[in-house]
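What follows is a set of notes on a single structure, which appears directly below.
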Amino acid sequence: MPETETRICRATAADAEELSRLSAAAFPLGCPANTRPEDLAEYITKELTPERFRTLLEDDRIVILMVKTANELAGYALIVRDASHSQVQ
């Protein structure tokens, strides 16, 4: 089996669509089993959009690092450098 290359890189606005797709697919997996599908859909529609990721990437306090395996997005880390950011409370 050939070795698969894994790399970590900093996300840019061009990655927003890919980040949104992965987030929308993974988010329900981390929620309680009894979470209503309509609540999941509402959150995903509001918070995990490409536009939302572009906004986050424009913020100098935020860095998104992506993990790519075989050139496919396998995961990401969103790092907030300022604890006073509105999402950190």
Side-chain angles (χ1 to χ4, degrees):
M1 175 187 293
E3 188 173 318
T4 303
E5 180 184 349
T6 298
R7 63 186 181 93
I8 297 172
C9 57
R10 188 171 180 162
T12 68
D15 299 307
E17 294 280 342
E18 196 174 16
L19 290 163
S20 175
R21 277 193 303 275
L22 178 64
S23 296
F27 180 74
L29 302 174
C31 294
N34 64 345
T35 304
R36 297 179 332 157
E38 56 270 22
D39 292 338
L40 290 171
E42 180 181 356
Y43 184 84
I44 290 167
T45 301
K46 284 182 174 179
E47 299 296 333
L48 301 178
T49 65
E51 295 78 20
R52 181 74 175 124
F53 278 99
R54 284 187 199 97
T55 299
L56 290 169
L57 288 162
E58 290 171 1
D59 189 327
D60 291 337
R61 297 169 296 177
I62 295 176
V63 173
I64 299 177
L65 297 177
M66 303 187 314
V67 177
K68 290 202 167 194
T69 301
N71 214 31
E72 295 290 324
L73 183 61
Y76 70 88
L78 190 152
I79 302 162
V80 180
R81 295 187 229 180
D82 180 3
S84 66
H85 189 275
S86 64
Q87 290 185 335
V88 180
Q89 295 183 16

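Only heavy atoms go into these numbers, but all of them, side chains included; no hydrogens, no water, no symmetry mates.
No continuous path of ILVMFWY side-chain contacts below 4.5 Å connects I79 to F53, so the two sit in separate hydrophobic clusters. At a threshold of 4.5 Å between side-chain heavy atoms, the hydrophobic network of Ile, Leu, Val, Met, Phe, Trp and Tyr places V63 and L78 in two separate groups. Note on V67: it does not cluster hydrophobically with Y76, by side-chain heavy-atom contacts below 4.5 Å among ILVMFWY residues.
From L73, atom CG reaches atom OG of S20 across 11.0 Å, with rounding to the nearest 0.5 Å. For the atom pair R81 CZ and I62 CD1, the distance stands at 9.5 Å (nearest 0.5 Å).
Residue pairs that meet the salt bridge (charged side-chain N to carboxylate O under 4.0 Å, His left out) test with at least one member in residues 26-37, sequence neighbours left out, are R36-E38, R36-D39.
Side-chain contact between D15 and T12 is present, with at least one heavy-atom pair separated by less than 4.5 Å.
Residues passing the salt bridge (Lys or Arg N to Asp or Glu O under 4.0 Å) test with E5: none are found, sequence neighbours excluded. In this structure, R10 has no salt bridge (Lys or Arg N to Asp or Glu O under 4.0 Å) partners at least two apart in sequence or on a different chain.
Taking each heavy atom of T69 and A74 in turn, the nearest pair found is OG1-CB, 4.0 Å. Taking each heavy atom of L19 and A11 in turn, the nearest pair found is CD1-CB, 3.9 Å. When all heavy atoms of L40 and C31 are compared, the closest pair comes out as CD2-SG, 3.5 Å.
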Does the side chain to side chain contact (heavy atoms under 4.5 Å, CB included) test come out yes or no for R52 and T55, once each step is laid out?
-> CA-CA 5 Å; R52 181 74 175 124; T55 299; 4.2 Å; yes
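A parallel orientation is assigned to the rings of Y43 and F27, their planes being inclined by less than 30° (bins at 30° and 60°).
Comment: R54 engages E17 in a salt bridge, judged by a side-chain N to carboxylate O separation of less than 4.0 angstrom.
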